[in-house]
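Worksheet for the structure shown next.
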Amino acid sequence: MFHKANSNLEICHSFAALKANKYTHVENCSSSVSKFILLGFPYTWEIRILCFSVFSGTYILTLIGNLCIICAVRCDHQLQTPMYILLANFSFLEIWFITSTVPNMLANFLSETNTISFSGCFLQFYFFFSMGTTETLFLSAMAFDRYLAICRPLHYPTVMTVQRCIRMGACCWLCGFLYFLLPIYLISQLPFCCLNKIDHFLCDPGPLIKLSCVPAPVTEIICAIYNSVLIFSTLLFITSSYTLVIRAVFRVPSAEGRHKAFSTCGSHLSVVSLFYGSIMVVYVSPTAGNPAGIQKYVTLFHSVLTPLFNPLIYSLRNKEMKEALRKLFKTVRFRQRPGRNL
């Protein structure tokens, strides 16, 4: 009997020791995590060199395309209207959006370690999500601008002045960079295990939450709520605005007026479809149901390819923008002539 009691006591002590060791191990690991390893795309060296070349070209083309739109709006006085001011802001945002991920990804293609510091990881997380949030707000502002221009044309010049447009743009930037502060703070406070490998090419909330040594359902729910509120509220606002716009366009008597309105709105809707179609797959519930491979490729699409497509969509489908870009290229070509100062 005494032997049985002693055995039970030993089992209890052993269990308590194991439990204590577990939490001590968690504590030690969380205190030692000073960097993460981004697994990215584990291809062979030859394929990584090919990916580096392709994405370097994509990055350069994206910078050139969006800079061309900014310069066209800046240089052409006919484009200094609220719609094109918002578009220039959007192009400037796209430059920094792709810059928050691609340079680090390109460096990792050529590196064997693929490490990123703890602070660097959360800085990338903050800027990537803040600029993504700002993008949703600018798409909403552009939809509102088109609604006023087409559905309220008589009130448009007084309601959407250049000054109000600039204030609206500043509000988009400010709100975008404040919105995700709480989720980022909560994730940064999680205890991370010694296995600090992130199965992604950037610091994303889903893989980061999975690295936590303890379950974090509250943090995960808060992230899901933040993502869902942002995505669905702005998407509802944009679709409502364009539904009213399309109804108004069908009432326009002239075919030319309908074509111009559809051309402008078609560009915006194409960009909205590309952006929201990809982010809803990943970020409504960042840790639920999506395999890591799908998350990586969908994130790659909306973080690298949509900033490349946007200037193409806006320049090819907009007659005024095409004309402004043509003037800009003529000016640049004239200035580069070797004998123009002789």
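- When hydrophobic clusters are built by joining Ile, Leu, Val, Met, Phe, Trp and Tyr residues whose side-chain heavy atoms come closer than 4.5 Å, directly or via intermediates, Val249 is not grouped with Leu154.
- No donor-acceptor pair closer than 3.5 Å links the side chain of Ser212 to the backbone N or O of Pro215.
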task = Decide yes or no on side-chain contact (heavy atoms from CB on, under 4.5 Å) for Tyr126 and Leu181, but give the supporting numbers first.
result = CA-CA 8 Å; Tyr126 172 69; Leu181 285 175; 3.5 Å; yes
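- Side-chain atoms of Asp145 never come within 3.5 Å of backbone atoms of Ala141 as a donor-acceptor pair (strictly under, hydrogens ignored).
- In this structure, the side chains of Leu137 and Tyr179 stay at 4.5 Å or more apart for every pair of heavy atoms.
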inquiry  = For a ring pair (Phe, Tyr, Trp, His ring centres under 6.0 Å) check, start with the C-alpha distance between Phe97 and Phe128, then their side-chain angles and the critical distance, and finish with the verdict.
reply    = CA-CA 6 Å; Phe97 184 59; Phe128 180 72; 5.1 Å; yes
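- No donor-acceptor contact under 3.5 angstrom links the side chains of Ser240 and Tyr147, judged on distance only.
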request  = Evaluate the criterion side-chain contact (heavy atoms from CB on, under 4.5 Å) for residue pair Leu148 and His155; output intermediate values, then yes/no.
outcome  = CA-CA 8 Å; Leu148 288 176; His155 298 91; over 6 Å; no
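- Between Phe122 and Phe118, a ring centre-to-centre spacing shorter than 6.0 Å is recorded.
- Using the six-membered ring where Trp is involved, Phe36 and Phe192 have ring planes that are perpendicular, over 60° apart on the 30 and 60° scheme.
- The hydrophobic cluster containing Leu139 does not contain Ile85, counting ILVMFWY residues as joined when their side-chain heavy atoms lie under 4.5 angstrom apart, directly or transitively.
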key: CA sep, side-chain torsions, deciding dist, call: Met131, Leu93, side-chain contact (heavy atoms from CB on, under 4.5 Å)   = CA-CA 7 Å; Met131 283 181 280; Leu93 172 64; 3.8 Å; yes
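- Under the 4.5 Å side-chain criterion, counting only non-hydrogen atoms from C-beta, Thr133 is not in contact with Phe177.
- For the pair Leu79 and Glu320, the minimum side-chain heavy-atom distance is below 4.5 Å.
- In this pair, Phe275 and His302 present their aromatic rings perpendicular. The plane angle is above 60°, beyond the 30 to 60° band.
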query = Does the pair Tyr297 and Phe301 meet the rule for a ring pair (Phe, Tyr, Trp, His ring centres under 6.0 Å), with working shown?
reply = CA-CA 6 Å; Tyr297 289 108; Phe301 178 81; over 10 Å; no
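- With hydrogens and angles ignored, the 3.5 Å screen pairs no side-chain donor or acceptor of Asp76 with any backbone N or O of Ala72.
- Put simply, the residue from Asn108, Thr115, Thr113 that forms a side-chain hydrogen bond (donor to acceptor under 3.5 Å, both in side chains) with Ser111 is Thr113.
- No more than 12 heavy atoms of other residues, nucleotides or ligands lie within 6.0 Å of CZ in Arg74, so this atom counts as exposed by the packing criterion.
- The number of heavy-atom neighbours closer than 6.0 Å to CD of Gln78, taken from other residues, nucleotides and ligands shown, is 12 or below.
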task = Test Phe138 against Phe90 for ring pair (Phe, Tyr, Trp, His ring centres under 6.0 Å), laying out the working first.
result = CA-CA 7 Å; Phe138 266 110; Phe90 189 75; 7.0 Å; no
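- When side chains are defined from C-beta on, Met83 does not count as touching Met160, because their heavy atoms never get closer than 4.5 Å.
- Judged by distance alone, the side chains of Thr234 and Tyr276 do bring a donor and an acceptor atom under 3.5 Å apart.
- Residues Glu135 and Glu94 meet the side-chain proximity criterion, which asks for heavy atoms closer than 4.5 Å.
- By the 6.0 Å and 45° rule, Lys296 stacks over the aromatic ring of Phe41.
- Side-chain contact between Phe201 and Leu39: absent, with no pair of heavy atoms (C-beta onward) separated by less than 4.5 Å.
- Heavy atoms of other residues, nucleotides or ligands lying less than 6.0 angstrom from CH2 of Trp173 number more than 12.
- Counting heavy atoms from C-beta outward, Leu208 and Cys121 have side chains that approach closer than 4.5 Å.
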